[in-house]
Structures are given as structure tokens and as C-alpha cells.
Amino acid sequence: MIIDHLYEDILRKLTAQGKIKDISNKLLSLQSNDERVLYVYELVKDLDCFPALNEVKKSENVSTYYRNQGNKCFQSHENLKAWQFYNLALLYAPINSNNYCYALSNRSIIFLALKKFEECLLDVDKVLALEYPKELKDKLLKRKEICKEALLKNTVKDVEQPDLSDFLAMKSKKDSRYLCASSKLEVLFTEQFGRQVIAKEDINVGEVLVEEEPYLTVQLKSQYILSCSYCLSRQINLYPCERCCYALYCSIECKNKAFKEYHSVECQLMAILYDMDFTKLELLALRTVIKSRNDHNNWVDLFNTISDAEANMNNEFRGHIQINGKWIFDSKHYATIHTLESNIDKRSVSDIFQKSVTGAVFLKFLKEDTNFLQVEDKELYETVVKTVSGLLLLHLMTSPTNMHGITSNMEANGVYVKEVNLASAPYGYHSLLNHSCAPNVVRYNKLGTGSMSLMALRPIKKGMQLFDNYGSFAKKRVYHNLRAGDASVVPLQLHITVGVMNTMVFLLLGCPYSNKIK
Ligand SMILES: C[S@@+](CC[C@H](N)C(=O)[O-])C[C@H]1O[C@@H](n2cnc3c(N)ncnc32)[C@H](O)[C@@H]1O
């Protein structure tokens, strides 16, 4: 059952029991996120509505099925489709089995057909290093020879593409406190906007102001057989997780990092998380909680980070950590994500209830289907369950207004390609920017990476606030003009388009647009 249907089912049962009003009142009376999730957890448990874990195991038959699909596509010259089917065949093949070797071997033929000789060699060598079915030997050695010869002869240069990477790089000095941002920016607080990013000096159009790595990423379902599930690289030699059928990696390094940060816990849950159709925002919340713990040596260290972060919620060091007596805002540290705006005081009881149901379901998975919460000490266990419950609801609430879609249509060197939605991720610094329909900055990602940058669309005078458009239309224009190869016209054209569009949107929706600190 998908999560939305589960939620409806729970509501139907509670309505039939005439309990909705009492539950709403109770939820409104609870003061903390852990209490809310634990209360709803008991309700869902009493209704016997928790979903059972469904495991999808590696399977020779499923792998063979996908390989055969790949073979059909290869015969009809649909190489990219065939590559995807062979990736699926690899994901389902028991590791290093005959089917694993067949999937790799067949994928190498695609690379050969595409004249991707180095990639072909990689897969061929991988099979040769395993105990592979003997009938593959001659074919593999022949392919290896062809690739080596082709690589020796290959003097044809790729078509030169304009390199815009310099235009897209940050030129100004980085700030010593907000590590990913230009020293031309500062962060202030007002009643109207909460935290906000302000220009400390005049900024020109086209200036790159932030270069930030995500705290973590969650790859979209549509992408899981197309890119590295950890770093989002578009490398075509992808290799599967040894246990689950849902994660491909471009390198052992990425596989190990994913495992250490979250996949050791999520691996056994991947099938149910996919089947229940959780949204990317819900998956981000779960992964953030797992990574928050795995970033620390033990639970007590995480509790300390949380209490330090919460102690600074209402002062200028919100989201900071102290290192050698100096306060810094480091996007790779959990404190930046723990302190994102949750808007709890503006939420309706039904929204809190729905999110608490999702939190309770995640808690059930973590409690009963993984060893994530396991600790020896009983008292500590209670605190761990309480903390995790609270964190789950916190991040289910912070995700909708703080997570960023990783949508890209440019290669690492700035060259324009067809737009693709890759993933979603928390970026502590980018989340300090408030929304305007008439933004003066634009975010962009380069294809195959999770890093996000921010560029000025208009001249921004000292003292003005930087406003981002939480949608993505402005971004498409930037890339369009970049593709035309004339970086200098980007801001002007955008200025006009954004200006016209936003006067309309502003009038219709009354969205706030102000470049002055009130
Ligand atoms: C991504 S955060 C922006 C930073 C936020 N002000 C903070 O203190 O963390 C998004 C939240 O900021 C607030 N916000 C964003 N744009 C705003 C605007 N134009 N006016 C007032 N509040 C805004 C809303 O509470 C929203 O949920």
C-alpha cells in the first residue's frame, strides 16, 4: 500500500471510531515533535496499520529477464535503452554470479558499439577478474583487443565545446564564517523575513556568490539506473550495491561513503520505500535523520550537537558550530540542517497529523526492520527513540520549504544540454535565501554533481537583500543564453523577462518583493 492510501485508511478508521476531534485536540496540546510522533505511533499500532517490510532480493530469474530485454533493445539498435536494461540486470544479479558476469559482458558490447573504448575495457576487465562462465572468454579477450587497438589509433579529437566554466566560477574571496559564500555577503535577521542574505558591498550582474556542496542528496526514482546514487555522476560504468537492487555507484569510494552515511540502514528498506511511493521530501527527511547519527561517533555526541544547535536558535550563531573558539557555518555539518525553518507554528493540525503518520511509519521501519536504534542501555534506548521521533517530524516539516531540486541542463564546463531532474538535497546556506517572484539571484547545478551555485541576475546594491525564486523558470533562461554563448546578455535579458513576469505574478499573488531591509 502506498503511503497516501495508508494515511487515508488510517483517517477512515479513526473517523469510523469517532476519534478525530479528540485526536486533533490531543495533537494540538502536545508541545514537542517527539511527543507528536510517539502519540501517532501508538494510534497506528492500535489500528494494526503498520506496513510489513517487503524484501526484494537479488534474483537470477529477474536478472536474466532484464538481460534478455537488453539483448532485444541491442538488436534493434536502441543502445541507451539496452544499457539501462543491463544496469537492471546487474542490480538484480547475485554479486559475482554468472548472471552478474553476463550482464557486465553484454553491457561492454554496448560501450563498444558506442565507441566508448575505455568504458568497455573497464567492464571487460571486471568480468575477467571474476570466476566467469568460460564461454565468455574468447569474446571478452577479442573485445579487449579491439578496444586497445582503437585507443592506440584514436587520434580523432572530440568536437571542441565552448568552455564556460570560468564564467561559472566564483571569483571573489570566500567568507571566513559562511564557508561556501562570498565575503561580499552577510546574514542578518528581521521579524519579517527571519534570516536573510544581504549584500555587504555592491555586486555586479553575473557574479557567482555561493558555491555549496549538499549535506546529502536523494536521487529521484527516475534516475536510479542512470547515475551514481551517491555523487550523481553521469559516468556510464555503474556498479550495484551488493545487497539491494536499488543503488548503482560510479566508484567504490561512492559506495563506501553512501554505506557509511546512510545506506547501511536504508539498504534493507529500499524496496518498501520505493513501493510505498514516499515523496523525495519524505525520503530526504529519513536520510537526514540517519546521516545525522552516522556523522557522529555515538548517540550522545549527536544529542550534544542538537542541544548546542537549539541553544543558538535565536541568536546570530543559528546553524553554526564552534571550532577553536571561532563560529563557522559549514554546510557539511548537521547543525546547519537541524536549524532550518520548520514553520511549526503556522501548520494546521491535519498537516501535523499527516506528517506524524509518515514519521511513525519511518520509526516503525527503523525500530523493527533495522538495527539503527539498537543500544545496550535501556535508558539510552528510550532517549534514542524519543530523539529520532522528534528529528523525523522536524525534517518532514523543514523539507518542503528548504530542500532544493537538483535540476540541471549544463555539463561541468557549462555546456548546455537537455534539462534533467536528478535529485533533491538540503543546502544549509542556499536555505537562508528568502523567496521573491522577482529574484535578483539564480541557483544552478552542473550535471553530474550535487554542488549548487548562486549567481547575481541584477546589480545588487550594498544593503539589499538577495532573493531567490523558489521555482525554476529563471534558471532555464540563464542556460538558454549561456548556450547562445554570450554570457554578457544573460542578465539583461533575464532582467527584462523576470521583470515582466513578476509584475504580473506579484499583482496576482501579492508575493513579497522588496530589495530593502525593512
Ligand atoms: C528557505 S527558508 C529562508 C530562510 C528563512 N528566513 C530562515 O530564517 O531560515 C524559507 C522560509 O523563510 C520564510 N520566507 C521565505 N521567503 C519569504 C518572504 N519573501 N517573506 C517572508 N518570509 C519568507 C518562510 O518562513 C519560509 O518557510
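Heavy atoms only: backbone and side chains are in, while hydrogens, waters and symmetry mates are out. Read the numbers this way: they start at 1 and go in the same order the structure lists the ligands and their atoms. Along the sequence shown, residues are numbered consecutively beginning with 1.
At least one heavy atom of Tyr470 lies less than 4.0 angstrom from ligand 1. Heavy-atom separations between Thr339 and ligand 1 are all 4.0 Å or longer.
Asn315 and Asn312 form a side-chain donor-acceptor contact under 3.5 Å, judged by distance and modelled atom types alone. A donor-acceptor pair shorter than 3.5 Å cannot be found between the side chains of Ser424 and His404.
Heavy-atom contacts of Gln192 reach the following atoms of ligand 1: 21 (C), 22 (N) (cutoff under 4.0 Å). Near Asn402, meaning under 4.0 Å from any of its heavy atoms, are these atoms of ligand 1: 1 (C), 2 (S). Close approach of ligand 1 to Thr401 (heavy-atom distance below 4.0 Å) involves ligand atoms 1 (C), 10 (C), 27 (O). With ligand atoms numbered from 1 in the order given, ligand 1 contributes 1 (C), 3 (C) to contacts under 4.0 Å with heavy atoms of Leu433. Taking every heavy atom of Leu432 and a limit of under 4.0 angstrom, the matching atoms of ligand 1 come to 4 (C).
Ring-centre distance between Phe278 and Phe362: below the 6.0 Å cut-off.
Because its NZ or CZ atom is not both nearer than 6.0 Å to the ring centre of Phe189 and within 45° of the ring axis, Arg195 does not count as a cation-pi partner of that residue.
Any N or O atom pair closer than 3.5 Å counts here, and Ser431 shares no such pair with ligand 1. Checked by distance only, ligand 1 and Arg195 come closer than 3.5 Å through their nitrogen or oxygen atoms. For ligand 1, the polar-atom distance check against Asn434 finds a nitrogen or oxygen pair separated by under 3.5 Å. Of the polar atoms of Phe193, at least one N or O is found under 3.5 Å from an N or O of ligand 1, judged by distance alone.
Summarising the contacts of atom 16 (N) of ligand 1 with Gln196, His435, Arg318, Met397, the nearest heavy atom is found in His435.
Here the closest non-hydrogen pair linking Ile3 and Asp277 is CG2-O, 3.9 Å.
The main-chain N or O of Ser342 is found under 3.5 Å from a side-chain atom of Arg347 such that the two form a donor-acceptor pair.
Aromatic ring orientation, Trp327 versus Phe317: parallel (interplanar angle below 30°, classes split at 30° and 60°).
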>> Could you walk me through whether Leu179 and Ile328 satisfy the side-chain contact (heavy atoms from CB on, under 4.5 Å) test, starting with their C-alpha distance in whole Å, then the side-chain angles of each, then the deciding distance to 0.1 Å, before giving a yes or no?
In response: CA-CA 7 Å; Leu179 302 182; Ile328 57 162; 3.9 Å; yes
